[in-house]
Participant: 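There's a structure below that I have some questions on.
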Amino acid sequence: MRATLYAHIPGLKTDVARPFAGGRLERLAFDDWTRLESDYRYAQSKYDKAAPVFWVRELALDAGCTGEAVADAVSDAVWPVHVAFLLDEKVPLFPTPLLSSCYVVLPVTPEYAGVVSRPTMRFRGALQCEFIVYGEPLSWRYDADDLAVVDERWRFLVANGVRHRQGEILAAIAVLEETARPDSWYVEDLKLDHRHGFVRCMAAAESMLMSPESEGGKEDSITQTFGRRAAALLAPLLLIERDEAATYFSDLYRFRSELMHGRAFPDQQDEAVIARLHDGRKLLRGVVCAALALQCAAPDAGPLGHALREAWVDADKQRALAAVVAQEVRT
Amino acid sequence: MSDPGESALLLYFPLWGASFDSDGVGVIGPGVVAYVPYRDEWRTIQKTDVWHAQWGSQGGGVEGPAPPCCIVAAAPLAGCESMDEALDASAAALMEAARTAVTALRLYRAGWFLQPEQVMPVFSAPALLPNIVRAPGPYRQIFVAGEVHAPDMPRYALKIGDLTQLAGEPGPIGATWDLLTAYRDTGGNTSVEIALAGFNHSYGFQLLPPSRAANLFTALDAMMGGMSAWRIGRVAIKPRGYARRVEAALRHAESALPDDPRKLARWLHSEGGGRGLRNAIAHGSGREVEAESQQAHERLQAIVRALLRQYVHFATIWAEESEATAARLRIAPDNPLAAAYVTTLEAEARQPGAMADLLSRPAPAGTAGPVR
């Protein structure tokens, strides 16, 4: 059975109606939305101001159309789209559409065509329609070029069956997803917590980059090793010198340690501090993208930390690793 | 509290999910109380359509919807003639006080309620126009449809006996409030703030059990360093001493523990317990981390609660008497807080009782032990 899915993407702002991720992105007109959602008939001015964006696509309901089966189909469809946005270079704090509202319009069989017009299943998450009607505390604007990149990433995630893999990469994606939920960043109107996401993302990056045996190292050597491994993985993508990258990532790890142990107390509302805290999220995003590229190119390769340790000391291995990452990311 | 105070700005922090065993008012700290508002009072501060929706979801009984227990913080209007003026003067301080009260409740007793800012705090000043300002959070619509999304955790059961009822005789939550405000008066410390944030996020409304557990491990890292760490800052620590340090800390716990300190410390550091769970979450090992996290949550949170109370107390001493404390610990006073705390625990593990004054506050005469 084929149905139509309308998934609100909380935080996304765009004026572009374009083909996207096997369907299209659309700013639904208020009347079209109220055909899906009947509880907000008097909220047009607020809705128009919020300008919510929906991802609309055909949904195959091969497992039937019980509530559970349709919910699973919605979750399966939404995951790669959401992750494609989380892995965008802006690393936006988009909560999953499953926290907002998704709608599935079922087809009407001929015998009921005169009785039912649009049988709609509503899947409301804990945000209900708050961000649809009243707007989001955080939003990101995407133009056609931005969306084309996200679309490509969605194709990569689907083609490689990333959702069904195991290991650090999925754990790291889960951290990007968790820290995009309002529970992690919302403090009050116009006041957001960036430090918490930074700490969580840096921990996830550390889990990916470091070998389990390096956990017991002295703090100074962990800081240096972290920087080197991040540089071995990401310097080719960032098009900067490896030593320069290693120094930068070591400094970022040192900043994390100073925060964790109580040596630094920066003002969280300072723009420069906010940018630095966001760099932790950017780093994790970069590590996930590069690790995905390596895993897809060599599914049976050993732990990432080992490969990076060898790449740092062996120029041939570094070149080979850089070539794979660059090639996979390009394609 | 039927008379909300004509000359005050009030902040209502509804504790959705909590229960209160009294229709009285209890004091948390100066200007901060907890009570269940009268239905008329609740109808005044709640937006009409939300009130009706909540009423409908509760069956539409003749008395209207049941108000939740609220933390209410008050500040004098002090000559303010408009709501904007009053908010400019006092809103930030009231929010800070209400947040401290939330943390005091959580540091004192286990149990879940929804973080109030995530729903809708309400400012009320009956003497001003407008007299109500609501601050909707992302999950404000959720209670309207009942509690279908509430996490699978025991709910917070606030008791009037936990709160101060007579001046000069602070209840146990009042004592926790004092602990937090004494720490805040020192100017704060990032390590404590990260640990507090991790602890508060472990109640996350829309977080999955592994994320809640991961937040507790983050809090532990901030206070204790890594489980196999050799060094914090310039201070060397015993890489194999983690369990002993935790045990030494838990022996001075001022909140309830689900088990003997030694057993808890060993569990936390074991592959079959906390350490293994932490690695499984971080490395996506394919273990059933969701079920394991759910099962371990209460125990793990109780450990962090006990350590965090102690860490806040220690941070206050470290800020106020860093020279003397550092000399006693034989470390430099410019070392980070976590290094000083871990050094204290190592000394306490070597010689039980030697650092007791740094790890627990002297109990006032006649007070009971940790809440069970």
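Chain identifiers are assigned alphabetically (A, B, ...) following the order of the sequence lines, protein sequences preceding nucleic acid strands; residue numbering begins at 1 within each chain. Since the model is a prediction, treat every value here as computed from it, not as a measurement.
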Participant: Chain A: which of B:P210, B:A340, B:G188 shares the most heavy-atom pairs with it under 4.5 Å?
Facilitator: B:G188
Participant: Looking at A:P266, A:A171, A:P182, which one has more heavy-atom pairs under 4.5 Å with chain B than the rest?
Facilitator: A:P182
Participant: Just how far is it from atom CD1 of B:I232 to atom CZ of A:R263, taken to the nearest 0.5 Å?
Facilitator: 10.0 Å
Participant: State whether B:F205 and A:R181 meet the cation-pi test: NZ (Lys) or CZ (Arg) under 6.0 Å from the six-membered ring centroid, and within 45° of the perpendicular axis.
Facilitator: no
Participant: Mind ranking B:A315, B:A197, B:S211 by heavy-atom pairs under 4.5 Å with chain A and telling me who comes out on top?
Facilitator: B:S211
Participant: Would you say B:N200 and A:H196 make side-chain contact, with heavy atoms under 4.5 Å?
Facilitator: no
Participant: Please look at A:F131 and chain B and tell me whether the side chain, the backbone, both or neither of the residue comes under 4.5 angstrom of a heavy atom of that chain.
Facilitator: side chain
Participant: Quick one: CE on B:M224 to CE on A:M260, what's the gap to the nearest 0.5 Å?
Facilitator: 12.5 Å
Participant: Using every non-hydrogen atom in the two residues, find where B:P136 and A:E130 come nearest and quote the distance to one decimal.
Facilitator: CB-OE2, 4.3 Å
Participant: Quick check: does any side chain N or O of A:S207 sit under 3.5 Å from a backbone N or O of B:H283, one acting as donor and the other as acceptor?
Facilitator: no
Participant: Measure B:A214 against the heavy atoms of chain A and call it side chain, backbone, both or neither at under 4.5 Å.
Facilitator: both
Participant: Do A:C129 and B:Q141 make a side-chain contact, defined as non-hydrogen atoms from C-beta onward lying under 4.5 Å apart?
Facilitator: yes
Participant: Between A:L99 and B:Q206, does a side-chain contact (heavy atoms from CB on, under 4.5 Å) hold up when you go through it step by step?
Facilitator: CA-CA 8 Å; A:L99 271 190; B:Q206 287 301 307; 3.3 Å; yes
Participant: Checking heavy atoms, do the side chain of A:L170, its backbone, both or neither come under 4.5 Å from chain B?
Facilitator: neither
Participant: With only heavy atoms counted, which part of B:Q115 is less than 4.5 Å from chain A, the side chain, the backbone, both or neither?
Facilitator: neither
Participant: Between A:E136, A:M208, A:R195, A:E258, who has the most heavy-atom pairs with chain B when the cutoff is under 4.5 Å?
Facilitator: A:R195
Participant: Counting C-beta onward and ignoring hydrogens, is there a side-chain heavy-atom pair between B:E193 and A:L259 closer than 4.5 Å?
Facilitator: no
Participant: What's the shortest heavy-atom distance between A:G262 and B:S191, and which atoms?
Facilitator: N-CB, 3.4 Å
Participant: So, are B:R99 and A:E188 salt-bridged, with charged N and O less than 4.0 Å apart?
Facilitator: yes
Participant: What part of B:M223 gets within 4.5 angstrom of chain A, counting heavy atoms only: side chain, backbone, both, or neither?
Facilitator: neither
Participant: I'd like to check A:Q128 versus B:I142 (side-chain heavy atoms, cut-off strictly below 4.5 Å). Are they in contact?
Facilitator: yes
Participant: Look up atom OG1 in B:T218 and atom CE in A:M202, then write down how far apart they are to the nearest 0.5 Å.
Facilitator: 12.5 Å
Participant: Report which part of A:V187 has an atom under 4.5 Å of a heavy atom belonging to chain B: side chain, backbone, both, or neither.
Facilitator: both
Participant: Side chain, backbone, both or neither: which part of B:P121 has a heavy atom under 4.5 Å from chain A?
Facilitator: neither
Participant: Without hydrogens or angle criteria, can the side chains of B:Y139 and A:D183 be said to hold a donor-acceptor pair below 3.5 Å?
Facilitator: yes
Participant: Can you measure from CZ (A:F198) to CD1 (B:I194) and round to the nearest 0.5 angstrom?
Facilitator: 8.5 Å
Participant: Quick one: pull up OG in A:S184 and CG in B:L207 and give me the separation to the nearest 0.5 Å.
Facilitator: 5.5 Å
Participant: Can you tell me how far CZ of B:R231 sits from CD1 of A:I222, rounded to the nearest 0.5 angstrom?
Facilitator: 11.5 Å
Participant: Report yes if the side chains of B:Y341 and A:H261 come closer than 4.5 Å at any heavy-atom pair, otherwise no.
Facilitator: no
